[in-house]
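Report on the following structure.
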Amino acid sequence: MGGHQVVPDANGHLKENNYLNCDKSIKSWLLTLDHKRIAILYLVSILSFFFVGGISALIMRSHLAMPQAQVISPDLYNALFTLHGVLMIFLFIVPGIPATMGNFLLPLMIGAKDVAFPRLNLFSYYIYVVGALIGFVAIINPVWLIDYLQGMAQGVWNPLDTGWTFYTPYSTSTGAGEGWGVILMTFAAFVLGFSSILTGLNFIVTIHKLRAPGMNWMRLPVLVWGLYATSVIQTLATPVVGITLILLIVERVLGIGIFDPAKGGDPVLYQHFFWFYSHPVVYIMVLPAFGVVGEIIPVMSRKPIFGYKAVVFASIGIAAVAFIVWAHHMFTSGMSAFSAAIFSALTFGVAVPTAVKVFNWVSTMYKGSIRFDSAMLYAMAFVFLFMIAGTTGVYLAVLGVDIYYHDTYFVVAHFHYTIQGGAVIGLIAALHFWFPKMFGKFYNEGWAKFSFWLLFFGFNLTFLPQFVLGMEGMPRRYYDYLPEFSSMHQLSTVGAFFNGLGYTLALLNLTTSAIWGKRLAPSNPYNSLGLEWQCPSPPPHDNFITPPVVTSGSYDYGYPIEERSKA
Amino acid sequence: MGSHSEIIEAGAPPEPHHMDSTTAYHAAKLGMWLFLATEILLFAALFAAFALYHWWYFDEFHHASEKLDWRLGALNTAVLLFSSYTAAVAVYAAQIGDNKRIVKNFGISVACGLIFLIIKAVEYSGKYAKGYFPGTDLWSDPNFAQSYKNYFGIYYCLTGLHALHVIIGMSVMIWVITKARKNRFSGRYYTPVELGALYWHLVDLIWIYLFPLLYLIG
Ligand SMILES: [Cu+2]
C-alpha cells in the first residue's frame, strides 16, 4: 500500500486511497493489520452484541410490565438476564471504547503509524471472535436444540442461568446444559479475557514507545491517559479472573473442592477472586469514557481543559484505587465487620478522583464558547448521569446502607447509570465526535439530536424508577413482584422502549451516513488542536502524510500560536 | 507494505513499516515484561488459594505434602536452574553473533525441560498408583478426606499449569533454534533469543517458589 498516491483535497478530505478504500477485497479486511480497520471490525462486532443484549433486556422489561404477567417462563427469564449480562459485559462494553475508538485513535493521537504490535492486534480480535462464539454456544445450549429439532429432546430447554457472575456453589452444581453450559461459558470468558490482556499490553507499549517527537507525557491527550490507565487494569486484573474461571472448570470436571463448600472449598474465595477483577473492570469500561468526554468538552467549549494534570493524576488514581476496593461487593457474604469497614472506607476514596474529574469538566465549560453539537450533548449528558451514578455509589459504599440495598433494584439502577450512562453514552459520544474522521463524512445532525433526546429521556425514565423500587425493597433478578411495585415497573418498561428506540435511531443515522452519506468532511471540522485532526479524513493507511512533530499541548485554545508551546 | 520484501541480509533486524528497528527491540522487550507480569498474576491467585487452604486444613496439608517425594522435586529444581543458566549463555552468544552457540545452549535448555517433564510424569504416575489422583477408587471413596483432595487438587493445578508453561517455553526455544540454524541472529538483532530466555527464566522462577511451598513447608 506504500505505493499508493495520497492526495487529499484542499479541505483535507481524502477521497482515494484512504484506509477504507485503499484495498477493497474481503480478505484485505479480514487479515488487515491496520489499527483503523481492526477498530471497524471490533465496532461491527460489539454493536451486534449490543443489539442482541438490548433485545433481551426489552423482552425482560416487557415481561415485568405487569405483576404475574407470565409472558415468559421463569427459566427463560433466568436465561435472558444471564444472556443480557454476559453479552453486555464480556462482549460489548469490556472491549467497548478501547478496542474500537482506542484502536482507531490511539496511534493518531500520539502521531504513530500504527500500534506497537499490529499482528498481535489482529490476533486479539480473532481471540475475541473465538471467545464470543464459544460464549454463544454455551448460552443457547445447541446440543439440546439439535436434539429438539430431531425430536429427541428430553424435558425443557435448559440454557445457561447463572447470571454473569457465575457465583459458586450454584455455578458448580447447576445442570444448565448438563453442566457444559457453565464450563463452556467460563472458558469463553477466559478466552475473552486473554484478548483483553493482549490489547492492553499492546496499548501500553504503544504509548511508551511510539509517541511522535515532542509528544511528551504531559502533552498526551486525556483520552490517551484514560486508555493507558485502562490498559494497566486490563493487563493486571484480568489474569486473576482468568485463573479463577479455569479453577471453576477444574472443580466441575475433576471434582476437586476449591470453591464449593460441599467439597471443602470456600465460595467466598471465589467472590474475592471474581471481584478483584470485576470491580476494576468497571473502570476498564468507564475510564476511556472519561477520556472521550475530556476530549469533546475543551474542543466544543473552545477552552483549554481545566486542570490537565489533575485529570491525568485522577485517571491514574482511579486505576490504583480500583485494585483495593473489591470486597465492597461482599458486605453481605459473611466477611468480618473489621474488614468490611476498611473496604467501605477505601471505597469512599474512589469518590475523590472521580469528583475531581467532574469538577474539571464543568470548569472547562465555564465561560467557554460552547457549541451544542450532538457530540457535546452526549458529553454533557455523560457528566450529568455520571454524577448521579457517582453519588448513589457513595450511598452503596456506606456499610449500613449497603446491607439494606444489597441485591435490590437500587444496585441495578446505580450500575446502569455508571455503565450505560457512563461507558455506553461515552462510546456513542465518541462515535458522533470522531465520525467525520473515521468515515470522512457528516451524519444528519438533526436526527442525531432527536435520537439523543429520545435516548436521554428513555434512559432516565428506565432507571430513576428503579432507584425508588430498590428503596422500597424490590429485589433484583426476580421473575415476579408484588402489585405495589407495579407503577414503577411500568414506568421503567416504557422508558426502556424509548431508550432502545433512541439507540436504534442514533446508530441507524451513523450507519446510513457512513455508507450513503453525501456531505464530505474536511480533515478538521471542529478546528481542534488534537493531532488526530491534522491528518486527512479518512486517514490514509499510514495515517500522516509527513511524520508529525508536536510543539504544543492538545488543549491550548485561546493562546496565541507563539505562546502555545510555553503553556 | 510489501514494497521492501527483498532478501533479508543475515543478522540484520527486520524493519517493520511503522517503527525503526531500535524502537522495535525496546517495544518487544517492554511487551515481554508486561506479559511476564500477567503470568505472575495468573499464578498469584493459585498461590493465594494455596495459602488459604493451608491455613484452613493445616494438619491435612502437612500429611498430604509428605506423600510427595522431595528428592524428585529437588532434582527438578536443579535441572531447571541449570537450564536457566544455559539459556542465559544463549543470550550472550546471540549478542556476540555466535549462532552455533545459541543452538547448543538452547538445545540443552530444551533437553532439561524434557527431563523435567519426564520426572514430573514419574511423580504423577506414582500418585496415580497410590490413588491420589482424580478418577481413582480411593479418590471417589467418601472416606478419603476432602481436604486431602483439596491439597492434591491445588497441587495438580499449580504443577499442571507450570508444566504447560514448560512446554510453551520449550516450543519457543525450539522455534528460536530453527532460526539460529539459519544464522538469523547477530549483535544487531537478537530480540527473539532474549525474549525466549526471559520467558524461560520466569518458568524457572515460578518453580523455585513452587518447590518449597509444595514439597517442604506443607
Ligand atoms: Cu465495585
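For CZ of A:Phe187, the number of neighbouring non-hydrogen atoms (other residues, nucleotides, ligands) closer than 6.0 Å is 12 at most. Under a cut-off of 6.0 angstrom, the local environment of OH in B:Tyr124 is crowded, with over 12 non-hydrogen atoms contributed by other residues, nucleotides or ligands. The number of heavy-atom neighbours closer than 6.0 Å to CH2 of B:Trp70, taken from other residues, nucleotides and ligands shown, is 12 or below. In this structure, B:Trp33 places its CH2 atom where only 12 or fewer heavy-atom neighbours from other residues, nucleotides or ligands lie under 6.0 Å away. Atom CZ of B:Phe47 is surrounded by more than 12 heavy atoms from other residues, nucleotides or ligands within 6.0 Å.
With a threshold of 4.5 angstrom between heavy atoms, B:Leu30 approaches chain A through its backbone and through its side chain. Using a 4.5 Å cut-off between heavy atoms, A:Val115 touches chain B through its backbone atoms (N, CA, C, O) alone. Within the 4.5 angstrom heavy-atom criterion, no atom of B:Ala44 approaches chain A. Of the atoms belonging to B:Leu161, it is side-chain heavy atoms, and not backbone ones, that fall under 4.5 Å from chain A. With a 4.5 Å cut-off on non-hydrogen atoms, A:Leu210 touches chain B through its side chain but not through its backbone. Contacts between A:Leu201 and chain B at a heavy-atom distance below 4.5 Å involve backbone atoms as well as side-chain atoms. Within the 4.5 angstrom heavy-atom criterion, no atom of A:Leu120 approaches chain B. With a 4.5 angstrom heavy-atom cutoff, B:Phe35 touches chain A via backbone and side-chain atoms both.
Note that CZ of A:Phe194 and OG1 of B:Thr38 are 7.5 Å apart. Values are rounded to the nearest 0.5 Å. If you take OH on B:Tyr155 and CD1 on A:Ile256, they are separated by 12.5 Å, rounding to the nearest 0.5 Å. Atoms CZ and OG1, on A:Arg211 and B:Thr23 in that order, are 11.5 Å from each other to the nearest 0.5 Å. The distance from atom CD1 of A:Ile243 to atom CD of B:Glu39, rounded to the nearest 0.5 Å, is 10.0 Å. Between the OG1 atom of A:Thr235 and the CG atom of B:Leu34 there is a distance of 6.0 Å, given to the nearest 0.5 Å.
Put simply, the side chain of B:His18 never gets that close to the backbone of A:Ala112: no donor and acceptor are under 3.5 Å apart.
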Checklist line | Candidate pair A:Asp266 and B:Tyr53, rule side-chain contact (heavy atoms from CB on, under 4.5 Å), full reasoning | finding: CA-CA 9 Å; A:Asp266 181 7; B:Tyr53 293 118; 3.2 Å; yes
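The two atoms that bring B:Leu41 and A:Pro239 nearest to each other are CB-CB, 4.0 Å, heavy atoms only. When all heavy atoms of A:Leu247 and B:Cys157 are compared, the pair lying nearest together is CD2-SG, 3.6 Å.
Taking A:Ile258, A:Ile197, A:Asn202 one by one and counting their heavy-atom pairs under 4.5 Å with chain B, the maximum is reached by A:Ile258. In terms of heavy-atom pairs under 4.5 Å with chain B, the best-connected choice from A:His272, A:Lys113, A:Lys209 is A:Lys209.
Aromatic pair A:His541/B:His17: centroids less than 6.0 angstrom apart.
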